[in-house]
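Reviewing the structure listed below.
Bear in mind that the values here come from a model prediction, so they are computed numbers and not experimental data. When a residue number appears, it is its place in the shown sequence, counting from 1.
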Amino acid sequence: MEEVRKYFDDTSATVQAALDDLHRLKPVSESDYRGLVDFVDVVESFYSQLEELNQLNTLTIRDVDFVNELLPNHLRLEWIRKYHA
């Protein structure tokens with residue numbers, strides 16, 4: 001039990017698990033509104049986890065670009081604007 005507790009208390013393991021979830025996302029088509037909502041939920045959860053762990057600095061432009069490429073075309077510019085803000 002102690003090993004399990006230690007694993008989940010390990011910030012780097014938690015960050016890596018969150019990054020793995022982010023990189024498992026699949027592209028969202030232009031007309032898949034439910035898919036877009038699910039996509040946004042995963043991204044928001046990822047961001048919240050990093051924020052709670054005070055690890056937002058682990059988010060790279062590569063990660064942002066990865067997520068951006070999965071968005072429908074009409075949302076890509078807005079995503080980049082939000083990231084820079």
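Judged purely by atom type and a 3.5 angstrom limit, T14 uses its side chain to pair as donor or acceptor with the backbone of D10.
The residue from L36, V28, L25 that alone fulfils the side-chain contact (heavy atoms from CB on, under 4.5 Å) condition with L71 is L36.
P72 and S29 get closest at one heavy-atom pair: CG-O, 3.7 Å. In terms of heavy atoms, R76 sits closest to E69 at NH2-O, 2.8 Å.
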- request: For N73 and E30, run side-chain contact (heavy atoms from CB on, under 4.5 Å): C-alpha distance rounded to whole Å, both residues' side-chain angles, the deciding distance at 0.1 Å, then the answer.
  value: CA-CA 7 Å; N73 289 330; E30 294 288 330; 3.4 Å; yes
task: Apply side-chain contact (heavy atoms from CB on, under 4.5 Å) to R62 and F66, showing your working.
output: CA-CA 6 Å; R62 182 175 169 242; F66 172 79; 5.8 Å; no
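Hydrophobic clustering keeps Y47 apart from V37 (ILVMFWY residues linked when any side-chain heavy atoms are closer than 4.5 Å, directly or through intermediates). Linking ILVMFWY residues whenever their side-chain heavy atoms come closer than 4.5 Å, directly or via other members, places F46 and I61 in the same cluster.
Counting only heavy atoms from C-beta outward, the side chains of D20 and H23 never approach each other to under 4.5 Å. The shortest distance between side-chain heavy atoms of Q49 and Q55 does not fall below 4.5 Å. F39 has its side chain within reach of V67: a pair of non-hydrogen atoms, C-beta onward, lies under 4.5 Å apart.
Rounding to the nearest 0.5 angstrom, the gap separating the CZ atom in R81 from the CG atom in L75 is 11.5 Å. Distance CG/L50 to CG/N57: 9.0 Å, rounded to 0.5 Å.
The neighbour count for N54 CG, taken as heavy atoms of other residues, nucleotides or ligands under 6.0 Å away, does not exceed 12.
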